[in-house]
Amino acid sequence: EGDFASAQDYAERARRGLDQLGAQARRCGCESAQAGFEDAAREMRQARLAESRAALRQVAERAAARFEAAMALQRACGGG
């Protein structure tokens with residue numbers, strides 16, 4: 001149980017980081033990357049609702065895919 005709670009806490013920290021990346025993309029004028037980071041952060045918010053490690057892993061995998069797509073968009077905007 002403790003490991004699961006720690007994983008949920010880590011997911012919340014990751015979500016905050018994704019929010020920061022979205023804000024940075026907005027400041028750089030890359031709206032597509034901003035939207036991608038916001039999508040990833042929105043996905044990570046679902047970690048609070050996960051009831052098992054498997055569910056948490058699925059949330060993290062979906063968020064990671066959205067993060068990778070947002071990073072590609074950020075690079076295309078010239079920001080990375």
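The structure presented is a predicted model; accordingly, all values stated were derived computationally and were not measured. Counting begins at 1 with the first residue of the sequence.
G22 and Q34 get closest at one heavy-atom pair: O-CG, 3.5 Å. Listed here is the closest heavy atom pair of S32 and L73: O-CD1, 3.5 Å.
Among residues two or more places apart in sequence or in another chain, the salt bridge (Lys or Arg N to Asp or Glu O under 4.0 Å) test is passed with R16 by E12. Remark: D19 pairs with R15, R45 by the salt bridge (Lys or Arg N to Asp or Glu O under 4.0 Å) rule, at least two apart or across chains.
How far CD of Q20 is from CZ of F37: 12.0 Å, rounded to the nearest 0.5 Å. Once rounded to the nearest 0.5 Å, the distance linking CG of L56 with CE of M44 reads 7.0 Å.
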Which donor-acceptor pairs under 3.5 Å do side chains of residues 59-71 form with protein atoms, sequence neighbours excluded?
residue	atom	partner	partner atom	Å
R62	NE	E43	OE2	2.8
R62	NH2	E43	OE2	2.9
R66	NH1	R62	O	3.4

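Taken as a pair, C77 and C30 meet the criterion of an SG-SG distance shorter than 2.5 angstrom.
The closest side-chain heavy-atom distance from D3 to R53 is below 4.5 Å.
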